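Working notes, beginning with the structure itself.
Only a predicted model underlies this, so the values are computations on that prediction, with no experimental measurement involved. Sequential numbering from 1 along the given sequence is applied to the chain's residues.
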Amino acid sequence: MSKSYRVFTAREELDHLEEVYGDQKNRLMEVIKDNLQILQTRSQTVLGLCTICLTITGFSGPRIAESGKTAAASVVSGLFFVVLSTLFIVIGPLRLQWITRVWKDDWRETAVMLLERRNRRTRLFTVSTACLIIGMSSYMTGLALYLFSF
């Protein structure tokens, strides 16, 4: 199956946005700001899920680990991946950088810089989400082993 779309570089995306919005630089910058806000909001959700996983593991993890070495390894690896997910979220999408603080002489260069920032943070968000899924799956494996040990 062939890909029916094309992924733009940051410069190509800016060119496309200029075609869509024309000379409305304010509207174009609003779109970029909204993209960063969406990424921030979703990252807070992932961070919340990480917090829930760590809290639950704090209460039930030791009991699950007592049920056997495989269950213990699953809980520990689950914790590792959830903490790794938290790290990627904190150093990536949740890293605070004001878009008004870093401004280049040319507004187009500023827009490209912001699109590249969004793209980097999106990649870290994706890695963080994958780590969270692996961590939760590992934890659930440990839980299943614990439940089947009775």
Residue pairs, two or more places apart or on separate chains, that pass ring pair (Phe, Tyr, Trp, His ring centres under 6.0 Å) and touch residues 14-57: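 For residues 14-57: F8-H16.
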Ring pair (Phe, Tyr, Trp, His ring centres under 6.0 Å) contacts touching residues 107-149 (sequence neighbours left out):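 Sorted pair list: Y146-F150.
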N-O pairing of R11 and E109 below 4.0 Å: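 Salt bridge between R11 and E109, a charged N being under 4.0 Å from a carboxylate O: yes.
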Basic-acidic side-chain contact under 4.0 Å: K25, E18: no
Stepwise side chain to side chain contact (heavy atoms under 4.5 Å, CB included) check, S60 with L143: CA-CA 9 Å; S60 60; L143 179 62; 5.9 Å; no
Shared ILVMFWY cluster between [X] and [Y], side chains joined below 4.5 angstrom?
X: V83; Y: I91; value: no
X: M136; Y: L54; value: yes
X: V75; Y: I52; value: yes
X: V112; Y: V20; value: yes

Of all residues at least two apart in sequence or in a different chain, which pass the side-chain contact (heavy atoms from CB on, under 4.5 Å) check with [X]?
X: S74; result: S138, T141, L145
X: R95; result: Q97, R121
X: I133; result: T129, S137
X: C131; result: F81, L84, S85, F88, V127

Validation row: L124, I89 side chains within 4.5 angstrom (heavy atoms): no
[atom1]/[X] to [atom2]/[Y] distance, rounded to the nearest 0.5 angstrom?
X: M113; Y: L14; atom1: CE; atom2: CG; value: 12.0 Å
X: L114; Y: L36; atom1: CG; atom2: CG; value: 6.5 Å
X: L94; Y: R42; atom1: CG; atom2: CZ; value: 14.0 Å
X: N119; Y: T9; atom1: CG; atom2: OG1; value: 9.0 Å
X: I99; Y: T110; atom1: CD1; atom2: OG1; value: 10.0 Å
X: F59; Y: I64; atom1: CZ; atom2: CD1; value: 13.0 Å

Cut-off 3.5 Å, no hydrogens considered: what does the side-chain donor-acceptor table look like for residues 26-35, sequence neighbours left out?
unit_1: N35; atom_1: OD1; unit_2: R118; atom_2: NH1; d: 2.7
unit_1: N35; atom_1: ND2; unit_2: V31; atom_2: O; d: 3.3

Those residues that, when tested against R63, pass salt bridge (Lys or Arg N to Asp or Glu O under 4.0 Å) (two or more places apart): none
Contacts of R6 that satisfy salt bridge (Lys or Arg N to Asp or Glu O under 4.0 Å) - sequence neighbours left out: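 In terms of salt bridge (Lys or Arg N to Asp or Glu O under 4.0 Å), with neighbours along the sequence ignored, R6 is linked to E12.
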Non-neighbouring partners of Q40 that pass side-chain hydrogen bond (donor to acceptor under 3.5 Å, both in side chains), sequence neighbours left out: none
Side-chain cluster (under 4.5 Å, hydrophobic types only) that V76 belongs to, other residues: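 Direct or chained contacts put V76 with none.
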Where at least one partner belongs to residues 43-59, residue pairs that pass side-chain hydrogen bond (donor to acceptor under 3.5 Å, both in side chains), sequence neighbours excluded: none
From CA spacing to verdict: side chain to side chain contact (heavy atoms under 4.5 Å, CB included), V46, C50: CA-CA 6 Å; V46 170; C50 289; 4.3 Å; yes
